[in-house]
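Each residue takes its place number in the sequence, starting with 1. Just follow the structure's listing: the first ligand is 1, and inside any ligand the first atom is 1.
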Amino acid sequence: MFKINDNYLKLPGSYLFSTIAKKVNAYSEANPDKNIIRLGIGDVTQPLAPAIIDSLHKAVDEMGHAETFHGYAPDLGYEFLRNAIAKNDYQDRGADIKADEIFVSDGAKCDSGNIQEIFAQDNKIAVCDPVYPVYVDTNVMAGRAGTYDKATETWSDVIYMPCTAENNFAPDFPSEVPDIIYLCFPNNPTGSTITKDQLQGWVDYANKNGCVIIYDAAYEAYISEDNVAHTIYECEGARTCAIELKSFSKNAGFTGVRLGYTVIPKDLKCGDTQLHALWARRHGTKYNGAPYIVQRAGEAVYSEAGKAQLKEQVGYYMNNAKVIFNGLQDAGYTVSGGVNAPYIWLKTPDNMTSWEFFDHLLEDANVVGTPGSGFGPSGEGYFRLTAFGNYENTVEAIERIKRM
Ligand code: MLT
């Protein structure tokens, strides 16, 4: 008789955003007259920028003619896109990353879940707490997390690095040295970030202790302060200890288009083995590349018109962030984030748990947010709102919360 991967059975409940969607759907079915405003999952609402649409149309037309038709994409992505990424996201920032160190994919969620495959099962991972649930859940699926303690909502073999108001939402170095460190800055879910000097501290720590950092920079486009690094490769020594994950979802609205990339510098080695070679082998074996038309759309992100249009789009969402931040602060809430990230992190009032506040907000303001505890035990007592809604809904949501 076949056997299943019973690590899957250890996972408590369903994926956070699936649970929320179920709850909201149930409420909506029971209350069809209510106008629900969704500021829960970090999904964008603004249409694709004109430069991207133009590029998509052109690429679609190319696919309709034998001379310009494209079949399987190259394993690691088309050169035109990898060159644009290497230049704009790295070399122009003084970061030494070459096009052949970039692996194009269909999004950072898959990459952040799959990357653990190239590491041995007995590696110990460290995560910020709260954290994007994909990092932990995929290590659970791989059998790397140990056993789940329902009472503390933690896994026995995962090192948690609490990020709370007490440490300004910046993780401290863990007392036990991990093998793999997941970092995401600007951070999901807290919306806070760390300075370039602090990030340099993590790079130095990783190099000194033989750790690898998996650095999720999905929210990089939202950085507004000068002392924050746009890529971990701005830090000295990052080429020997860091993998970086990037998404086109948040900077260019590709949540429904799907495009991302992973950077693995060739200097990143375990003994003599390049992690680059392992990921290339994995990519070539399990993946047939992001679609040509989507990679052309990605290229347009780096065109002059694309850059200008996307700057405006990011500005639009960050204006929403301001509306949420200021509105909640005026209403007496304790808020953080929203300056270098499209997420606002608030303390739940009156000692409500995160899920109690979720229900309160849904029922009394018809606004959906994300309970902080869904991201880890240190998220308990916090709540996340996203700035990715449209402006009118965002203003209306905050008015309703103020009246609540
Ligand atoms: C979130 O809401 O945390 C994100 O949208 C999830 C994701 O990017 O996969």
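Cation-pi geometry between Lys347 and Tyr382 is met: the NZ or CZ atom falls under 6.0 Å from the ring centre, inside 45° of the normal.
Within the 4.0 Å heavy-atom criterion, the part of Tyr343 lying near ligand 1 is the side chain and not the backbone. If you look at Asn188 next to ligand 1, the close heavy atoms, those under 4.0 Å, all belong to the side chain.
Partner of Phe375 under the side chain to side chain contact (heavy atoms under 4.5 Å, CB included) criterion, chosen from Asp129, Val131, Val127, Leu16: Leu16.
In terms of the side chain to side chain contact (heavy atoms under 4.5 Å, CB included) criterion, residue partners of Ala321 (sequence neighbours excluded) are, by chain and number, Met318, Ile344, Ala387. Take His283 and apply the ring-ring contact (aromatic ring centres under 6.0 Å, His included) test, not counting sequence neighbours, and it matches Phe103, Trp279, Tyr287.
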>> What verdict does the salt bridge (Lys or Arg N to Asp or Glu O under 4.0 Å) test give for Lys124 and Asp179, after you've listed the backbone C-alpha separation in whole Å, the side-chain angles of each residue and the deciding distance to 0.1 Å?
In response: CA-CA 5 Å; Lys124 198 137 194 193; Asp179 301 301; over 6 Å; no
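Taking any N or O of Gly42, backbone or side chain, at least one lies under 3.5 Å from an N or O belonging to ligand 1. Where the criterion is an N or O separation shorter than 3.5 Å, residue side chain and backbone included, Arg384 meets it with respect to ligand 1.
Distances below 4.0 Å separate heavy atoms of Ile41 from the following atoms of ligand 1: 2 (O), 5 (O). Numbered from 1 in the order shown, with element, the atoms of ligand 1 that lie under 4.0 Å from a heavy atom of Phe17 read 1 (C), 2 (O), 3 (O).
The residues Arg400 and Glu396 are annotated as salt-bridged, a charged nitrogen and a carboxylate oxygen being separated by less than 4.0 angstrom.
Scanning all protein heavy atoms for the shortest distance to atom 5 (O) of ligand 1 gives Lys250 NZ, 2.9 Å. Closest protein heavy atom to atom 9 (O) of ligand 1: Tyr132 OH, 2.6 Å.
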